[in-house]
Protein chains: 2
Amino acid sequence: MAKYKKRERQELLLEKVSTDPFLTDERLAEMFDVSIQTIRLDRLELNIPELRERIKHVAREETDKIRSLSLQEVIGEIIDLELNHHALSLFIVEEGHVFRKNRIARGHYLFAQANSLCVAVIDEPLALTKSAQIEFIRPAKLGDKVVSKAVVEKMDGRIAVITVESKIEQRLVFKGRFEMYYTGEGEENG
Amino acid sequence: MAKYKKRERQELLLEKVSTDPFLTDERLAEMFDVSIQTIRLDRLELNIPELRERIKHVAREETDKIRSLSLQEVIGEIIDLELNHHALSLFIVEEGHVFRKNRIARGHYLFAQANSLCVAVIDEPLALTKSAQIEFIRPAKLGDKVVSKAVVEKMDGRIAVITVESKIEQRLVFKGRFEMYYTGEGEENG
DNA sequence: ACTGATGTTAGTACCAACTACTAAAAGAGG
DNA sequence: CCTCTTTTAGTAGTTGGTACTAACATCAGT
């Protein structure tokens, strides 16, 4: 079987280039046993940018992913906050948070949302989780919007007690009782 | 104050290039108010590759990071496992896991290690956390190697009770009691 | 002030991987 | 056979460089 027809070649080209953006026109020409010019024409017709632009695009995209990853250090977005009283955050369950099998969110992400909310609600330089009792009432699934509410029950100068309830569309999915240790000393050096 | 000395400029150059790998020699020359040749000499001395190589490197590196990201779905590396009995995992505290201020690990990472260990130790298609009581005894700091041990206390066909102890160099930093819900039905569709 | 060493700039030839364009050759279909 | 599409060839120009040579500039020490 000799060369492909134009149509086939272009389909395959798209596939090749999207699976491996690092292919030069020269390599591609060899792969399809056509001239470089043909590959160029194909790219032109298919609006496939040149090698360097493809690489640049990948690099840009991925440097963005690092940013959104380090934003993930606080799980969930805080949408309401009154220091030392209460706080509200929203966490949207995405691909990375679920078991592949059943698309149920891993428990520790729900915990992380609650835990970082507790850290945020305390208006002190140092706030660490001391203990917690938690319950997972219902599973959260891919795409669910989990709203978590933390209420500070008491603060005695060292320990704060906070209750957290997380809901999806008004239905309780998680609750917990957190004891947080806090002080005014923000030790800067390790 | 006019131009920088060679030394200073090269330090700044390294910083600039590593924070933004997309800078051409021309842009850099403008920024430091020197000729392009000087920038080239600097790059040569500092072994900084040219723009295209830098971008290629970022693109390559980052396509790899997608892999290591999906590895992150289990926090910690499992180093010993006897299904339905016990499991051991190692979690090394890195930059992304700590508060910047004091380099203490965020609580939910220690929880995540324990939680995913509990999921792993149960030899059933579906295993979800039902509830947990946890205690943070001592803070874990940047660079610490946290060894977590999960022991299955009992399994009654639906609920497993697991105790977890996490230690850094033999010293207890975290303990918890987890109730896990499990079944043989691995529902594939949401 | 003169001498060297170090640092900076200029300029040339060359490269990869292209774009944009023109033009010729090859095939395929009626 | 003629026509229309497809493919190939070839030229000029671009970006962002390398590698190299050579001319200046700056300052340090004597």
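Predicted model only: the values in this text are computed from it and were never measured. Below, chain A is the first sequence line, B the second, and so on; all start at residue 1.
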Q: Do side-chain atoms of A/His85 reach the backbone of A/Leu83 as a donor and acceptor pair under 3.5 angstrom?
A: yes
Q: What pairs with B/Ser35 under side-chain hydrogen bond (donor to acceptor under 3.5 Å, both in side chains), at least two apart in sequence or on another chain?
A: B/Thr38
Q: What's the CD-P distance between A/Glu53 and C/dT19, to the nearest Å?
A: 9 Å
Q: Looking at the side chain of A/Ser35, which of D/dT8, D/dT6, C/dT9 is the nearest nucleotide?
A: D/dT8
Q: How close or far is atom P of D/dT5 from atom CD of A/Glu45, stated in whole angstroms?
A: 12 Å
Q: Measure from NZ on A/Lys56 to C1' on D/dG17 and round the result to the nearest Å.
A: 13 Å
Q: What distance separates A/Arg138 CZ from B/Leu128 CG, expressed to the nearest 0.5 Å?
A: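 The CG atom of B/Leu128 is 13.5 Å from CZ of A/Arg138, to the nearest 0.5 Å.
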Q: Just grab all the salt bridge (charged side-chain N to carboxylate O under 4.0 Å, His left out) pairs involving residues 153-179 of chain B, residues at least two apart or on different chains.
A: B/Lys130-B/Glu179
Q: With a 6.0 Å cut-off (strictly less than), is the heavy-atom count around CD of B/Glu26, excluding the residue itself, greater than 12?
A: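 Not buried by this count: 12 neighbours or fewer within 6.0 Å.
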Q: Checking only heavy atoms, does the side chain of A/Arg52 share a donor-acceptor pair with the base of C/dA16 at less than 3.5 Å?
A: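 By the distance-only test, yes, there is a pair.
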Q: Give the ring-plane orientation class for A/Phe91 versus A/His97, where under 30° counts as parallel, over 60° as perpendicular and anything between as tilted.
A: perpendicular
Q: Tabulate protein N/O versus nucleotide N/O from nucleotides 24-29 of chain C, keeping only pairs under 3.5 Å, one per line.
A:
none

Q: Does anything in residues 8-19 of chain A reach DNA chain D, meaning a heavy atom under 4.0 Å, and if so which residues?
A: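 Only A/Arg9 qualify.
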Q: Could you give the CD-to-C1' distance, from A/Glu26 to D/dA9, as a whole number of Å?
A: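 So the CD-C1' distance, A/Glu26 to D/dA9, works out to 16 Å.
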Q: For B/Arg27, look at atom CZ and say whether over 12 heavy atoms of other residues, nucleotides or ligands are found less than 6.0 Å away.
A: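 Incorrect, the count does not exceed 12.
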Q: Name each donor-acceptor pair under 3.5 Å that joins a side chain in residues 45-55 of chain B to protein atoms two or more places apart or in another chain, with its distance.
A:
from, atom 1, to, atom 2, distance (Å)
B/Glu45, OE1, B/Lys6, NZ, 3.3
B/Glu45, OE1, B/Gln10, NE2, 3.1
B/Glu45, OE2, B/Lys6, NZ, 3.2
B/Glu53, OE2, B/Lys56, NZ, 3.3
B/Arg54, NE, B/Pro21, O, 3.2
B/Arg54, NH1, B/Pro49, O, 2.8
B/Arg54, NH2, B/Leu23, O, 2.4

Q: What about B/Ile39 and B/Leu12, same hydrophobic cluster or not, with Ile/Leu/Val/Met/Phe/Trp/Tyr joined at side-chain heavy-atom distances under 4.5 Å?
A: yes
Q: Round to a whole Å and report the spacing from CG of A/Asp25 to C1' of C/dA20.
A: 14 Å
Q: Of B/Phe111, B/Tyr109, B/Phe136, which is the lone residue that meets ring pair (Phe, Tyr, Trp, His ring centres under 6.0 Å) with B/Phe174?
A: B/Phe136
Q: Rounding to a whole Å, what distance do you find between A/Ile55:CD1 and D/dG16:C1'?
A: 14 Å
Q: In whole angstrom, what separates B/Phe32's CZ from C/dT9's P?
A: 13 Å
Q: Taking atom types as modelled, is there a side-chain donor on A/Glu124 or A/Thr183 under 3.5 Å from an acceptor on the other?
A: no
Q: Report the distance from atom CG of B/Asn47 to atom C1' of D/dT18, rounded to the nearest whole Å.
A: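 In whole Å, D/dT18 C1' lies 14 Å from B/Asn47 CG.
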Q: Pick the closest DNA chain C nucleotide for A/Leu51 and for B/Ile36 by heavy atoms, then say which residue is nearer the 5' end.
A: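 Looking at DNA chain C, the more 5' nearest nucleotide goes with B/Ile36.
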Q: Going by heavy atoms closer than 4.0 Å, what residues in residues 37-44 of chain A are next to DNA chain C?
A: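 Contacts with DNA chain C under 4.0 Å: A/Arg40, A/Arg43.
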